[in-house]
Engineer: 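Structure incoming, see below.
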Amino acid sequence: VKMFSSLKEEQLDRFRANIFTEFFARSQASQDLFKQSQTRLRYIADRVLQSSSDMFQKNKDETLDDLSASGLRHVGYGIPIELFGPFVEVCVEVMRPLIAEFPNSCESTKMVWCPKDRAHQLPEKEIPEHMMIEGFRWSIGLTARVLVRTIMDGSTAVMQAIHFDDSRRLRRALADAPRVERFVWQLAVEVGSQSISPLFWALRSGAHATAKTMIEDILTIRADRDNYYFGADELFKYQPNVADNVLREAPFLAETLLDGLIWRSHKSQDNLRPVIYYLKHLLQDMDEKMMLSRALISYVRFDHPQTIMHPILAFSLDLLWDKLALRYFLMDRVLTVFNCIIFVLSECLLSHPSMLQYSMMPKVVFGGRCLVYTMGFLRLVYWHTVEIFKSYRHKALTNFHGLWVPSYLTRGAAMISFLLTLDMLAMITVEPMFHCMGQGVATFQCDAWTDTMSLTYEILVTIGVFLYVMLIVEVGSISIKLSEYRVLCIHAVEQILLCLGVVFLVILTFAFAISGMDREVQAITGTEWSDLGARMNTLIRLAFGAMDLGALQNLADESPLLVLVILLFMMLVYSFFFNLLVSQFCGVYHSLAADIKGHARLARGEIIIETFKAVKLTRWQAFMASLNLETRVDFEEGDIGLAGGIKTFEPALEHPIAKDQIVRFGGQTDGKLPWPEKTADEKDNLERTVQKTIQKSLHKLLGGMKKTAGGASQLSSDVQEDKNSSHHSSGKGMDDADD
């Protein structure tokens, strides 16, 4: 412990720099394993010292757990155990001169027995240095032995196949796996109290070919006469975040995972094909308190319109929407619609001076505005306060231009709702019934409520109406068709805002340009061009068609040059920017047309996720019980299959299937026996078919050549030699493959 605390930063830098230099010099093969940058190698050197120090300072069980986890990662890296011995010796040799630099107050040369083994004598002044070296050797050596033991226990054939990213090697490794343990071999390798998922490691390390083979193997339905074997339950049990891992590390395997959760019959009847969606783990999370599955949330948040249209995802989302989410969504939106109606009535229609002349109307407006600020504003404040607290508590934050904001505010409806909350908060500060409360309960006009407050209040009310309507428009998600149109409108609004921004920039540019034409402006009798504000107002009316063009005829007589500038402005706005906006609309439609349904389903998926925050656990459990997912579903009449699925029908030509998806085996049915291998026979049959095809092609070629004149026999013999050589090379290739 004293040694680790006495090491200075300069000595630590020397240790980090020298350890790998000496190690590479002693073991050339190690250079192929440590290809990382110098900063990464320095980090590894620090971890070596930390592991050695933990041997003296941390709890034994905790230290062994950490070392076991590190050893399992070394299994994934494919580190040979032969390198640990040289590495330990290098660490000790590099540390020795550093320890020799420590101050030593003892100068006695008296020979004393070594405190460690009492087998030899040393000068008394060398005892501290000797004990530090031996202590470091013991701790680093013990660390290495624990890692070696972990690597030897965890280096399964499956992990080795992942290291080489070899699918054929993986199949050979699984050939000896018992039927009941075949899935576990690919999902968990345990050493002591630590475990690692081979599938996760394959995804994380970039062995995507092996990962695809593992997913397909786990989700293949195999059967003997007694049992069906399907790895969906084990997959989500050992790796509950498998969907998120796939989408992060290998998105192109997302549909491979989903395809494995679908069984389709190779038989059809009345142009319909039986289909079973094994969607239990796409609905129910392994942690039942979370209710909605992490896998389904990951696919929705992946935000890919083509992936979300996968049949099992579309079926799952429709099931959740129709059976559960729609009810809660409408209940929430009905309250929003009611608040919007009260807002419009009390702030826009009934508050008009002509309406306030009736004796009861001020009280009605007062009651309506009280509802606006209680049922509307306070409800929004409570909801956003809870969501913001949860976001900061669980670190669910997003970096927005350098500011960390709650992630839920990045979604459309939540952001609009938050803006509406701020708008209503600003309305309260200029609310006339609060400022005029001293003159009566239902008074809306007084000296304290100034004209500036009136203008500000009108602007805020106008903004509030638009925000409320934008929230209500989300009700269109009850229909996919309406949701598609809503998605198109949202994308079109982006183009409109861009166009308006450019048009206003042009208006500002021409207003400044006209301000420099003093001679022409002074010649005009009207007031439309008298100052900068009037010029901008006139140009805005011209740009949006709100000005009578007949006025330009009088302007042409007074200032022809100014008319040319105005015509240039109109050509630029009408002929270029507005036509460009139309072309942008067409481009948006064409880019979204192919995936418009996917975008609509993504929007619905987000609504389902948000709606489920209001669903009670008991209601969710009742919904899951109504699906009867624990009941086994039959593949065909009399063939009772697996639990966890829902059987339905689809058009027979939508997804043609040529053969049975279930791999069936005869023979013994003991679950401890491995599956008989069919791969080799299928490969031989394929090779024989290819050989017969080549032979038939050669015979046809030879028959055609015999009809030609001159040199036919020589050409025939040459072709025959080519044929023989191809057979030899084919045979050699098969031998190499078998080897």
Side-chain angles (χ1 to χ4, degrees), residues 33 68-69 71-82 147-192 194-224 227 229-239 242 245-246 249-250 253 256-257 260 663-665 667-668 670-684 686 734-739:
L33 297 172
S68 297
L72 288 174
R73 289 195 294 271
H74 282 71
V75 172
Y77 295 137
I79 304 297
I81 60 176
E82 294 81 7
L147 292 176
V148 168
R149 188 198 66 181
T150 304
I151 292 173
M152 294 178 65
D153 293 342
S155 292
T156 63
V158 173
M159 292 297 292
Q160 293 176 8
I162 293 172
H163 175 66
F164 293 102
D165 195 16
D166 190 342
S167 298
R168 294 179 59 190
R169 191 168 182 171
L170 174 66
R171 296 190 186 97
R172 290 198 297 268
L174 296 173
D176 298 328
R179 302 177 186 186
V180 294
E181 298 180 7
R182 185 182 181 102
F183 308 129
V184 180
W185 279 29
Q186 303 174 74
L187 294 171
V189 174
E190 295 186 1
V191 177
Q194 298 296 312
S195 65
I196 188 174
S197 169
L199 175 57
F200 172 75
W201 190 260
L203 293 169
R204 187 68 178 272
S205 62
H208 295 155
T210 308
K212 180 178 181 181
T213 303
M214 295 172 72
I215 293 174
E216 292 174 345
D217 186 88
I218 293 170
L219 298 180
T220 296
I221 302 176
R222 296 180 177 85
D224 52 31
N227 299 297
Y229 296 87
F230 184 49
D233 290 339
E234 287 80 2
L235 176 62
F236 287 92
K237 173 184 176 182
Y238 287 98
Q239 200 166 340
V242 60
N245 295 333
V246 168
E249 306 294 343
L253 296 180
T256 302
L257 175 61
V663 183
R664 300 182 182 273
F665 296 88
Q668 300 183 32
D670 188 357
K672 297 181 180 180
L673 296 175
W675 292 108
E677 282 297 321
K678 287 188 174 183
T679 309
D681 297 336
E682 294 174 355
K683 177 184 175 183
D684 293 340
L686 179 61
M734 287 188 290
D735 293 340
D736 294 340
D738 292 339
D739 292 339

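Every value quoted in this text rests on a predicted model; they were computed, and no experiment measured them.
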Engineer: Just so I know, are the side chains of I215 and V246 near enough to count as touching, which here means a heavy-atom distance under 4.5 Å?
Structural biologist: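 Yes. Closest side-chain heavy atoms under 4.5 Å.
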Engineer: Indicate the atoms forming the closest heavy-atom contact of H208 with L203, along with that distance.
Structural biologist: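 Shortest heavy-atom contact: NE2-O, 3.6 Å.
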Engineer: Do M214 and P198 come within less than 4.5 Å of each other through their side chains, counting heavy atoms only?
Structural biologist: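 Yes, close enough: below the 4.5 Å cut-off.
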Engineer: Less than 4.0 Å between a side-chain N and a carboxylate O, is that true for D217 and R171?
Structural biologist: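 Between D217 and R171 there is no salt bridge, as every charged N stays at least 4.0 Å from the carboxylate O atoms.
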Engineer: State, with a plain yes or no, whether a side-chain heavy atom of R149 is found less than 4.5 Å away from one of M152.
Structural biologist: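 Contact flag for R149/M152 side chains = no.
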Engineer: Contact between W185 and P178 at the side-chain level, heavy atoms closer than 4.5 Å - yes or no?
Structural biologist: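 Counting from C-beta outward, W185 and P178 do come under 4.5 Å.
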Engineer: Ignoring hydrogens and geometry, is there a side-chain-to-backbone donor-acceptor pair from N245 to F200 under 3.5 Å?
Structural biologist: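 No; judged by distance alone, with no hydrogens or angles, the pair does not exist.
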Engineer: Please check: side-chain N/O of Q186 versus main-chain N/O of R182, any donor-acceptor pairing under 3.5 Å?
Structural biologist: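 Answer holds: yes.
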Engineer: Search all heavy atoms of G206 against all heavy atoms of D165 and return the closest pair with its distance.
Structural biologist: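 The pair with the smallest heavy-atom distance is O-OD2, 4.2 Å.
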Engineer: Quick one: CG on D224 to CG on L673, what's the gap to the nearest 0.5 Å?
Structural biologist: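 If I round to the nearest 0.5 Å, the distance is 9.5 Å.
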Engineer: How close do A175 and P674 get, counting heavy atoms only, and between which atoms?
Structural biologist: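 In this case the closest contact between A175 and P674 is O-CB, 3.2 Å.
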Engineer: State whether the number of non-hydrogen atoms from other residues, nucleotides or ligands found under 6.0 Å of R169 atom CZ is greater than 12.
Structural biologist: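 Check passes, neighbour count above 12.
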Engineer: Would you call V242 and L199 a side-chain contact if the rule is heavy atoms closer than 4.5 Å?
Structural biologist: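 Result yes, sub-4.5 Å side-chain heavy-atom pair found.
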Engineer: Compare all side-chain heavy atoms of F183 with those of L235 and state whether any distance is below 4.5 angstrom.
Structural biologist: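 The answer is no, as the side chains (C-beta and beyond) never meet within the 4.5 Å cut-off.
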Engineer: What's the separation between atom CD1 in I162 and atom OG1 in T156, rounded to the nearest 0.5 Å?
Structural biologist: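 Answer rounded to 0.5 Å: 7.0 Å.
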Engineer: Could you check if a side-chain atom of W201 sits within less than 4.5 angstrom of a side-chain atom of M159, using non-hydrogen atoms only?
Structural biologist: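 When only atoms from C-beta onward are counted, M159 and W201 do touch, with a gap below 4.5 Å.
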Engineer: Say whether, by atom type as modelled, one donor and one acceptor occur between the side chain of R222 and the main chain of Y229 under 3.5 angstrom.
Structural biologist: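 Side chain of R222 to backbone of Y229, a donor-acceptor pair under 3.5 Å: no, none is there.
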